[in-house]
Every structure is written in structure tokens, then in C-alpha cells.
Amino acid sequence: MAVRLLRLRGPLGGEPEVNRSPRTVRELHARIREHGYDIEQGKRHLKVKTKDGGTVATMSATASDHRAVLNMWSTFRRAAGITEGGGTA
């Protein structure tokens, strides 16, 4: 009898899910930086900036909505011109 092993994907092991939206603020910040942008922390808002200092998007630093991270990721993607697959439009 063969034993079947389940292969975990994403943050728990195995290959990372590249096209998955970030689920935590820490993961969101890491993904934004992976795309070559900087994050400037203000008192109430975060500014996503290009390396030359141009502001791409402004997001709430203390969003409490359960969809806040997904909404912030979508705002960044639209402002930066990033498609679902991770490339630029």
C-alpha cells in the first residue's frame, strides 16, 4: 500500500505561490519592496515611492478592515501598473 504525501504550498512549505495576494502587512511590504519601491511611514499613512522619490500610492497605516491588506495590494498594483501575474502592464 502506497502512502500519499500532501505537498504544502506557500508560506508553510514547498514552492511559494507567486500569484497569491499578500495576507499580512509584513508580506505586503515585502512584496512592494520586491517590485523595487520604497515605503515611507507617516503618522497615519504609508507612501509607496519610487527609488527617485516619486509617490506611487498612499495607503492607511492603521486600516482595521479584514480586507485592508488585499485592498492595499490592489491599490498598489493599479497605481504601479502591475498585472495579476506580477509583471508590469
Nearest atoms (heavy-atom pairs only) where [X] meets [Y]:
X: Arg77; Y: Thr83; result: NH1-C, 3.9 Å
X: Glu27; Y: Pro22; result: OE2-CA, 3.5 Å
X: Arg31; Y: Arg20; result: NH1-O, 2.6 Å
X: Thr50; Y: Asp38; result: O-OD2, 4.3 Å

- Message: Membership question, hydrophobic clusters at under 4.5 Å side-chain separation (ILVMFWY): are Val25 and Leu70 in the same one?
- Response: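 Not linked; separate clusters.
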From [X] [atom1] over to [Y] [atom2], what is the distance, rounded to the nearest 0.5 angstrom?
X: Leu28; Y: Arg33; atom1: CG; atom2: CZ; value: 9.5 Å
X: His35; Y: Ile82; atom1: NE2; atom2: CD1; value: 4.0 Å
X: His29; Y: Thr24; atom1: NE2; atom2: OG1; value: 9.0 Å
X: Lys49; Y: Glu40; atom1: NZ; atom2: CD; value: 4.5 Å

- Message: Does any part of the side chain of Leu46, heavy atoms only, come nearer than 4.5 Å to the side chain of Gln41, both counted from C-beta?
- Response: yes
- For Tyr37, all residues meeting ring pair (Phe, Tyr, Trp, His ring centres under 6.0 Å), sequence neighbours excluded: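 So Tyr37 forms a ring pair (Phe, Tyr, Trp, His ring centres under 6.0 Å) with Phe76.
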- Item | Listed partners of Lys43 passing side-chain hydrogen bond (donor to acceptor under 3.5 Å, both in side chains), at least two apart | none
- Note on the structure: Residues passing the side-chain hydrogen bond (donor to acceptor under 3.5 Å, both in side chains) test with Asp65, sequence neighbours excluded, are none
